[in-house]
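As structure tokens, the structure follows; a few thoughts come after it.
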Amino acid sequence: MKVTIVGAGAVGASCAEYVAIKNFASEVVLLDIKEGYAEGKAMDLMQTASLNGFDTKITGSTNDYSKTANSDIAVITSGIPRKPGMTREELIGINAGIVKEVSSNLIKHSPNVTLIVVSNPMDTMTYLVHKTTGLPKNKIIGMGGALDSARFKYRLSEALDCPASDVDGMVIGGHSDTGMVPLTRLATRNSVPVKAFISEERLNQVAEDTKVGGATLTKLLGTSAWYAPGAAVSGLVQAIACDQKKMFPCSALLEGEYGLNDICIGVPVILGKDGLEKIVELKLDDAELAKMKDSAEGVKKTNGLLDV
Ligand SMILES: NC(=O)c1ccc[n+]([C@@H]2O[C@H](COP(=O)([O-])OP(=O)(O)OC[C@H]3O[C@@H](n4cnc5c(N)ncnc54)[C@H](O)[C@@H]3O)[C@@H](O)[C@H]2O)c1
Ligand SMILES: O=C(O)C[C@H](O)C(=O)O
């Protein structure tokens with residue numbers, strides 16, 4: 001199993017580290033445009049192999065896509081991250097060109113690859129890859145909801161004063177400060193609806209804190225987050241590589257599901273060896289559907305800025 005990660009920056013390197021530690025891939029290629037950077041990150045990570053006990057071979061490449069040939073899965077994290085006070089949507093001007101070029105280069109050397117798009121604004125970048133590459137829709141997956149759901153569980157665990165492993169919850173919708181739809185009605189602690197433990201007001205606060213999870217970290221760090229993003233991407237890579245048939249909220253091209261068309265936005269999907277194998281249609285209530293509709297309008301507005 002060969003995995004390529006384009007962009008050896010904060011998220012790309014974190015993802016490479018988690019993939020290696022989980023020890024399911026034979027090879028990880030890190031590629032970056034910055035001279036020597038990916039090679040350096042790869043060497044540093046390889047020097048953790050004996051410490052962390054993994055056999056995955058990590059190599060680096062400065063923009064030489066021949067090294068990525070025949071990748072099964074490729075992750076796109078190349079592009080600029082936001083700074084405090086910015087929205088993800090403001091990154092479109094620079095990142096659209098990068099994502100278009102990188103996806104085209106990847107496919108030239110790995111025509112059967114499954115792409116996981118991470119660069120922001122992620123739903124729009126995923127849509128761009130659909131519009132410009134001709135890859136089948138099951139082979140293009142946007143990562144956002146897996147991270148947002150992990151943040152939702154973190155906030156729920158804080159509110160309930162319990163371990164995150166005790167709670168379950170999912171965030172669908174656009175990966176943006178205003179577009180996320182945390183499904184508070186369906187969140188549980190050991191299968192008991194969380195509403196049994198916290199007030200409606202507290203639960204609404206959890207949802208609001210979840211939606212601005214990325215902005216909160218960007219303010220603290222001066223750039224956007226990488227550990228949870230890297231871990232979230234590695235979960236998607238593992239589900240595909242190991243044919244796990246796991247359900248994650250991912251940005252998927254919708255053709256009528258949830259009443260939406262011609263858009264990539266976060267919905268629950270099943271990931272396995274064929275990539276995005278199925279879109280799961282949840283029975284949402286009217287309020288949740290209205291939030292999805294608003295979220296989709298926001299994503300479509302950003303898509304309108306693309307030159308496709
Ligand atoms: N979808 C998500 O949930 C999520 C989470 C975190 C970050 N992100 C996004 O991921 C992207 C990367 O974030 P980061 O913190 O790793 O940034 P970073 O600046 O640390 O790393 C980005 C890397 O991309 C490289 N790069 C730029 N242009 C390239 C090109 N044409 N080819 C190859 N490499 C190129 C840069 O040299 C840099 O090393 C940002 O757009 C950020 O907003 C998305
Ligand atoms: O917040 C960002 O800009 C990066 C990423 O989308 C995140 O949610 O951490």
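Residue numbers start at 1 and run along the sequence shown. Computed from a prediction, not measured in an experiment: that's the story for all the values here.
Side-chain contact between Leu31 and Thr62 is absent, with no heavy atoms from C-beta onward closer than 4.5 Å. Residues Leu271 and Cys250 meet the side-chain proximity criterion, which asks for heavy atoms closer than 4.5 Å. Side-chain atoms of Leu115 and Leu106, non-hydrogen and from C-beta on, do get closer than 4.5 Å to each other.
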(message) One pair to check against side chain to side chain donor-acceptor pair (under 3.5 Å): Asp209 and Gln205. What are the steps and the verdict?
(response) CA-CA 6 Å; Asp209 290 345; Gln205 189 57 52; 2.9 Å; yes
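For the pair Asn138 (side chain) and Glu277 (backbone), a donor-acceptor distance under 3.5 Å is absent. Panel note: side chain Thr77, backbone Gly7; a donor-acceptor pair is recorded below 3.5 Å.
Within a 6.0 Å sphere centred on NZ of Lys278, heavy atoms belonging to other residues, nucleotides or ligands number 12 at most. No more than 12 heavy-atom neighbours from other residues, nucleotides or ligands sit within 6.0 angstrom of CG on Asp286. Counted within 6.0 Å of NZ on Lys153, heavy atoms from surrounding residues, nucleotides or ligands total more than 12; the atom is thus considered enclosed. With a 6.0 Å radius and a threshold of 12 heavy atoms from other residues, nucleotides or ligands, Lys22 has its NZ atom above the threshold. Other residues, nucleotides and ligands place no more than 12 heavy atoms under 6.0 Å from the NZ atom of Lys57. For NZ of Lys245, the number of neighbouring non-hydrogen atoms (other residues, nucleotides, ligands) closer than 6.0 Å is greater than 12. Heavy atoms of other residues, nucleotides or ligands lying less than 6.0 angstrom from CD1 of Ile94 number 12 at most.
Using a cutoff of 4.0 Å between basic side-chain nitrogens and carboxylate oxygens, Asp262 and Lys131 are scored as salt-bridged. Contact check on Glu89 versus Lys301 returns no salt bridge, with no Lys/Arg side-chain nitrogen under 4.0 Å from an Asp/Glu carboxylate oxygen. Taking 4.0 Å as the cut-off between side-chain N and carboxylate O, Asp177 and Lys211 do not count as a salt-bridged pair. Ion pairing of Arg189 with Asp168 is absent here, as no side-chain N (NZ or NE/NH1/NH2) approaches a carboxylate O to less than 4.0 Å. Salt-bridge annotation for Arg155 and Asp148: absent, with no side-chain N of the basic residue lying under 4.0 Å from a carboxylate O of the acidic one.
Taking both residues in full, the closest heavy atoms of Arg82 and Ala215 are given as NH2-N, 3.2 Å, listed atom of the first, atom of the second, then distance. The minimum heavy-atom distance linking Ala38 with Leu30 is given by the pair CB-O, 3.3 Å. Of all heavy-atom pairs spanning Thr126 and Ile141, the tightest one is CG2-C, 4.2 Å. Taking both residues in full, the closest heavy atoms of Ala69 and Ser110 are given as C-OG, 3.7 Å, listed atom of the first, atom of the second, then distance.
Of the N and O atoms on the side chains of Asn190 and Asp166, at least one donor lies less than 3.5 Å from an acceptor on the other residue. Between Asn303 and Thr124, the side chains place a donor N or O and an acceptor N or O closer than 3.5 Å (distance only, hydrogens not considered). Looking at Thr68 and Thr4, their side chains never bring a donor and an acceptor atom within 3.5 Å of each other. Side-chain polar atoms of Thr59 and Glu27 form no donor-acceptor pair below 3.5 angstrom.
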